[in-house]
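All residue numbers refer to positions in the sequence shown, counting from 1.
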Amino acid sequence: MHKISWSACEANIPLEAPSLESIDNIDALLVAAKKVKECHRLLERGGINIVSELLKGEGTFYQLNHYPEEDVYDNETHSQYYYHNHRGIESEHGHFHTFLRSPSIPESIKPMEGFMHSEPWPSGEKAVAHFVCISMDDEGFPVGFFAVNRWVSAQTWYSAKDTIALLDSFCIDHAYPNLVVNQWLSAMFILFRPHIVALLEHRDKVIEFMHKTNPEVDVLEDRSLDMTGSLSITIDEWVLQLTEKAETLNHNID
């Protein structure tokens, strides 16, 4: 990911990085930043990193396999994630897929209508919302976020608005396979929430554009459209921007 942002429909639906002006909870993001950095510090002291902990004891790292094998699931928050690789993108070792399952999805949130359903969607107790993917480099550090089409993650297709409403529910609050890794991922959802929101809103715009361009095609199952948009990140740069913005607003960030 050399560009800060990339869109599957660059000419028609560009993707803009989140603006600091739109953030009204900078203090919460900075608290999450401290948690993210503390997680990195703890892992580095042990000579390990986020990715190495997920792959520990898993043997050969095979493309498409889930790591851990049975995914990570919190049976209280119903949050879920796994790590894998398949895209062959330069500078990416692999990426996380992040989900929220049915028990934590309110009945008021319904799957989007107006699509062909040429492939079945998970429904009822099996319904699952997919948030975003987090790209990791060979050193175990995050380098970007991206959003995907429905078929990629076999998700139930909820609107960006409804998916964003579920973001606060994502939290892995147990020690398997590693407590620090789970705390890190949960904090990343807060620290980079503006990026996640931007990607989900952009995702829906891309899908709508592609649907109107080729109405006879089930856009959600179009294998030529896998990733709808991506945003490159650097934790230190983002935290510096947030800190400078907080200082201008006279926030107490101690």
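Counting only distance, with no hydrogens or angles, the side chain of Ser186 and the backbone of Gln183 share no donor-acceptor pair below 3.5 Å. Here the side chain of Ser19 pairs a donor or acceptor atom with the backbone of Glu21 at under 3.5 angstrom. Distance alone, capped at 3.5 Å, places no donor-acceptor pair between the Asn178 side chain and the Leu54 backbone. Panel note: side chain Asp162, backbone Ile109; no donor-acceptor pair is recorded below 3.5 Å. Between the Thr77 side chain and the Cys171 main chain, a donor and an acceptor come within less than 3.5 Å of each other. The main-chain N or O of Leu225 is found under 3.5 Å from a side-chain atom of Asn149 such that the two form a donor-acceptor pair. The backbone N or O of Val128 sits less than 3.5 Å from a side-chain atom of Thr156, completing a donor-acceptor pair. Asp74 places no side-chain N or O within 3.5 Å of a backbone atom of Ser79 that could act as its donor or acceptor partner.
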Report the C-alpha distance between Asp204 and Ser159 in whole Å, list the side-chain angles of each, state the deciding distance to 0.1 Å, and finish with yes or no for side-chain contact (heavy atoms from CB on, under 4.5 Å).
CA-CA 7 Å; Asp204 278 17; Ser159 71; 4.0 Å; yes
How far apart are the C-alpha atoms of Met188 and Ile233, what are their side-chain angles, what is the distance that settles it, and do they pass the side-chain contact (heavy atoms from CB on, under 4.5 Å) test?
CA-CA 11 Å; Met188 285 286 287; Ile233 62 161; 4.2 Å; yes
Start with the C-alpha gap between Trp151 and Asp226, add the side-chain angles, then the distance that decides, and say whether side-chain contact (heavy atoms from CB on, under 4.5 Å) holds.
CA-CA 8 Å; Trp151 67 268; Asp226 56 354; 3.5 Å; yes
Is there a side-chain contact (heavy atoms from CB on, under 4.5 Å) between Asn12 and Thr213 once you walk through the steps?
CA-CA 11 Å; Asn12 302 97; Thr213 302; over 6 Å; no
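Within 6.0 Å of CD in Glu10 there are more than 12 heavy atoms belonging to other residues, nucleotides or ligands. Counting non-hydrogen atoms of neighbouring residues, nucleotides and ligands closer than 6.0 angstrom, the OH atom of Tyr62 reaches no more than 12 such neighbours. Other residues, nucleotides and ligands place no more than 12 heavy atoms under 6.0 Å from the CD atom of Glu107. Heavy-atom neighbours of Asp71 CG from other residues, nucleotides or ligands within 6.0 Å: above the threshold of 12. Residue-environment remark: CZ (Arg45) stays at or below the threshold of 12 foreign heavy atoms within 6.0 Å. Within a 6.0 Å sphere centred on CD of Gln241, other residues, nucleotides and ligands contribute more than 12 heavy atoms.
Phe170 and Leu179 are assigned to two separate hydrophobic clusters, defined by single-linkage of ILVMFWY side chains at heavy-atom distances under 4.5 Å. Trp157 and Phe99 sit in two unconnected hydrophobic clusters of ILVMFWY residues. Membership requires side-chain heavy atoms under 4.5 Å apart, directly or through other members. Both Leu43 and Trp184 are part of a single hydrophobic cluster, where members link through side-chain heavy atoms under 4.5 Å apart. Linking ILVMFWY side-chain heavy atoms closer than 4.5 Å, directly or via other members, places Ile172 and Tyr73 in two distinct hydrophobic clusters. Ile48 is connected to Phe96 through a chain of hydrophobic side-chain contacts under 4.5 Å among Ile, Leu, Val, Met, Phe, Trp and Tyr, so both are in one cluster.
Note that OG of Ser118 and CG of Asp222 are 10.0 Å apart. Values are rounded to the nearest 0.5 Å. Rounding to the nearest 0.5 angstrom, the gap separating the SG atom in Cys39 from the CG atom in Asn49 is 13.0 Å. Taken to the nearest 0.5 Å, the CD1 atom of Ile50 stands 8.5 Å off from the CG atom of Leu185. Atom-to-atom distance recorded for Lys161:NZ and Met112:CE is 11.5 Å, nearest 0.5 angstrom. Atoms CG and CG, from Asn25 and Leu30 in turn, are 9.5 Å apart once rounded to the nearest 0.5 Å. Annotation: the span from Phe146 atom CZ to His202 atom NE2 amounts to 14.5 Å, rounded to 0.5 Å.
Leu242 places a side-chain heavy atom less than 4.5 Å from the side chain of Ile23. Using a 4.5 Å heavy-atom threshold, the side chains of Phe141 and Thr234 count as separate. Under the 4.5 Å side-chain criterion, counting only non-hydrogen atoms from C-beta, Asp236 is in contact with Lys37. In this structure, the side chains of Leu29 and Pro194 come closer than 4.5 Å at one or more pairs of heavy atoms. Leu240 is not listed as a side-chain neighbour of Glu237, based on a closest heavy-atom distance of 4.5 Å or more. Between Glu58 and Pro68, some side-chain heavy-atom pair lies under the 4.5 Å cut-off. The shortest side-chain heavy-atom distance between Glu247 and Thr243 falls under the 4.5 Å cut-off. Within the 4.5 Å cutoff, side-chain heavy atoms of Tyr83 are placed close to those of His93.
Contact between Arg101 and Lys126 at its shortest, heavy atoms only, is NH2-O, 3.7 Å. Across every non-hydrogen atom of Leu166 and Leu100, the tightest pair is CB-CD2, 3.9 Å. Heavy-atom minimum distance, Ala246 versus Ile26: CB-CG2, 3.8 Å. In terms of heavy atoms, Ser5 sits closest to Leu231 at CB-CD2, 3.5 Å. Nearest heavy atom pair, residue Val148 against residue Gln155, reads O-NE2, 4.1 Å. Nearest heavy-atom pair across Glu201 and Ile164 is CG-CD1, 3.8 Å.
The aromatic rings of Trp121 and Phe115 are tilted relative to each other, their planes meeting at an angle between 30° and 60°. The aromatic rings of His84 and Tyr82 stand perpendicular to each other, their planes meeting at an angle above 60°, with 30° marking the opposite boundary.
Between the side chains of Tyr81 and Asn182, a donor-acceptor pair is found at a separation under 3.5 Å.
The existence of a salt bridge linking Arg41 and Glu38 is confirmed by a sub-4.0 Å separation between a basic side-chain nitrogen and an acidic carboxylate oxygen. With respect to the salt-bridge test (charged N to carboxylate O, under 4.0 angstrom), the residues Glu208 and Lys205 do not qualify.
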